[in-house]
Number of protein chains: 2
Amino acid sequence: MSTIIKALDILDLFSPAQPALGLSEAARLLGRDKASVLRHLSALEEKGMVEQDSKTKQYHLGPALSRLAMVREQTAPANHSIVNVVRQLAKDSGETTHLSRYSNGRLVQGKVIDAPSRGGIRVQIDPAEELPLHATASGIAFLSSCRTATREQALARPLTCYTPSTPTSREAVLQQVETARIQGYAIGDGAYESGAVGIAATVFNATGEACGAISVASPAASLNDTRKREIIALVLEAARQISWHQGAPQHVISQFDTRIAAA
Amino acid sequence: MSTIIKALDILDLFSPAQPALGLSEAARLLGRDKASVLRHLSALEEKGMVEQDSKTKQYHLGPALSRLAMVREQTAPANHSIVNVVRQLAKDSGETTHLSRYSNGRLVQGKVIDAPSRGGIRVQIDPAEELPLHATASGIAFLSSCRTATREQALARPLTCYTPSTPTSREAVLQQVETARIQGYAIGDGAYESGAVGIAATVFNATGEACGAISVASPAASLNDTRKREIIALVLEAARQISWHQGAPQHVISQFDTRIAAA
DNA sequence: AACCGTTGGTTCATATATTGAAACGAAACA
DNA sequence: TGTTTCGTTTCAATATATGAACCAACGGTT
């Protein structure tokens with residue numbers, strides 16, 4: 001394994017739950033030698049990827065990340081219009097909405113728009129959180145449209161159980177994926193977080209490949225059948241627009257059109 | 001030089017002006033071998049730091065950056081390292097030092113470090129005090145780097161006169177701002193408090209926007225030309241460090257570097 | 001105060017991962 | 001068509017990473 005990857009693995013230790021850690025702790029979590037981890041951390045620090053608190057000696061994520069993320073956002077192609085679609089979906093549905101993107105085996109949050117808060121109960125989503133492919137509506141939707149190799153790769157990894165309704169067997173996941181494929185959208189009913197229902201549809205890129213998912217998360221209590229259908233239509237429309245903004249090919253777009261007409 | 005740093009150097013090639021680049025171009029810019037750069041890019045890609053457009057083969061900054069930056073922002077530690085820079089500046093200059101931040105049309109004190117008291121005359125600063133933009137070195141420095149709308153807004157407000165040398169006309173202020181812009185630092189000679197000379201430089205945030213100023217306040221009596229130049233260099237260096245800690249973009253940092261070299 | 005289990009950090013011989021010139025096929029260009 | 005440039009692969013030479021052992025310092029216990 002390359003040194004670069006070993007070093008960058010360190011960054012993945014940091015999370016909202018664990019915003020800072022010391023040398024020994026990092027080495028333990030990675031199962032590596034302190035000396036190596038120290039050298040890696042020093043290199044990362046030199047480039048501003050992490051920062052060390054001179055008092056506590058703990059490391060935390062550094063300013064270079066803010067800078068680079070800013071560059072990425074500023075130069076992300078055609079991002080603005082896509083974000084607008086997500087925002088509109090949040091407004092129309094009145095619920096928390098998030099767009100996720102697939103990259104290197106992971107489904108990561110692209111943009112999260114919190115529910116327009118006019119009181120009442122809403123779902124909160126952590127924008128830094130990675131979405132498990134097997135336990136979220138977004139994940140199931142994506143798996144239902146991606147290439148087989150990608151799906152197999154995802155299923156090969158351990159299927160962590162989050163709630164009593166998390167599908168943890170290959171068969172259970174595949175069945176959900178299959179219904180999602182037929183319907184054109186996925187419903188995740190408390191499989192990741194109890195009481196939160198996700199309704200998601202795949203988004204496609206210019207090559208016609210699945211590249212992520214758009215999803216609305218609602219409290220289970222607030223969903224009856226007509227409301228559900230309403231949201232499904234909104235999500236499908238948003239997925240169509242985002243895919244279109246990314247230059248998805250005609251046959252993908254028209255498939256959305258027939259799905260929306262059916263809903 | 002460690003491999004990690006060499007790999008991370010690649011990320012610095014990306015900028016709003018150059019949001020994507022190919023392998024050869026990157027290798028050329030870095031003066032390194034294509035093969036190495038390819039391996040580095042592949043490693044970075046595996047960790048999501050860059051992404052390769054499968055069509056054009058060009059690389060651009062990856063989703064891991066957005067994710068990690070989000071974690072960093074959520075867990076933003078009350079920036080200890082920045083305070084350290086201010087403290088160090090106070091120590092190196094031997095004078096009272098303060099970092100101010102712009103917010104809602106006002107320049108407010110972020111952190112004030114009193115001069116290391118080894119006797120003699122020093123300037124006292126009230127940490128609760130708001131800094132008039134037109135009459136302090138910090139204010140002039142900030143105005144010399146902020147966007148036009150902000151500057152106009154500041155000039156539209158009444159220009160209170162504090163001492164005989166307070167600039168009270170729009171033209172007088174603008175002239176000071178212009179010299180500050182050219183020099184990269186501002187000197188406020190008793191414009192707010194007679195006998196107190198401020199030397200300030202703008203600090204920038206991750207968006208590359210001016211967000212405040214760092215300043216050293218000395219008694220006029222204790223300043224000769226060489227001492228002044230000494231402090232200017234220290235202030236510029238501190239501004240550079242603070243901006244860096246806030247993730248300011250490369251072109252901002254390098255501007256500081258040239259200014260420091262000139263001083 | 002002496003002891004203990006930590007911590008972050010350093011050293012150096014060993015072993016391993018990195019390196020870069022050269023070569024390749026593909027694509028773009030003239 | 002030949003020419004250039006591109007991304008990518010290979011492999012021997014070597015520069016670099018590694019980790020066991022060690023150190024000094026800190027914070028609790030006894």
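Nothing here was measured: the structure is a model prediction, and the numbers come from that model. We use all heavy atoms of the structure for the numbers below, so side chains are in, but hydrogens, waters and symmetry mates are not. We name chains A, B, ... by the order of the sequence lines, and we start the count at 1 in each one.
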When you check the phosphate oxygens OP1 and OP2 of [N], does a side-chain N or O of [X] lie under 4.0 Å from one of them?
{"X": "His40(A)", "N": "dT18(D)", "result": "yes"}
{"X": "Ser24(A)", "N": "dT6(C)", "result": "no"}
{"X": "Tyr59(A)", "N": "dG9(C)", "result": "yes"}
{"X": "Thr3(B)", "N": "dA17(C)", "result": "no"}
{"X": "Gln52(A)", "N": "dG9(C)", "result": "yes"}

Rounded to the Å, how far apart are [X] [atom1] and [N] [atom2]?
{"X": "Arg32(B)", "N": "dT19(C)", "atom1": "CZ", "atom2": "C1'", "value": "11 Å"}
{"X": "Lys34(A)", "N": "dT11(C)", "atom1": "NZ", "atom2": "C1'", "value": "13 Å"}
{"X": "Arg39(A)", "N": "dG19(D)", "atom1": "CZ", "atom2": "P", "value": "8 Å"}
{"X": "Met1(B)", "N": "dT19(C)", "atom1": "CE", "atom2": "P", "value": "11 Å"}
{"X": "Leu41(A)", "N": "dT10(C)", "atom1": "CG", "atom2": "C1'", "value": "16 Å"}
{"X": "Leu38(A)", "N": "dT11(C)", "atom1": "CG", "atom2": "P", "value": "12 Å"}
{"X": "Lys57(A)", "N": "dG27(D)", "atom1": "NZ", "atom2": "P", "value": "12 Å"}
{"X": "Asp33(B)", "N": "dA15(D)", "atom1": "CG", "atom2": "P", "value": "15 Å"}

Side chains of Ser100(A) and Lys111(A) in contact at under 4.5 Å (non-hydrogen atoms): no
Side chains of Ser145(A) and Arg181(A), donor plus acceptor under 3.5 Å: no
Short side-chain donor-acceptor distance under 3.5 Å, Ser2(A) and Arg39(B):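 No donor-acceptor contact under 3.5 Å links the two side chains.
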N-O pairing of Arg227(B) and Glu95(B) below 4.0 Å: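 Result for this pair is yes, salt bridge flagged.
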Arg87(B) and Asp114(B) ion-paired at < 4.0 Å: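 Between Asp114(B) and Arg87(B) there is no salt bridge, as every charged N stays at least 4.0 Å from the carboxylate O atoms.
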DNA chain C: 5'-proximal contact among Ser2(A) and Ala35(A) (nearest heavy atom):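 The residue whose closest nucleotide sits nearer the 5' end is Ala35(A).
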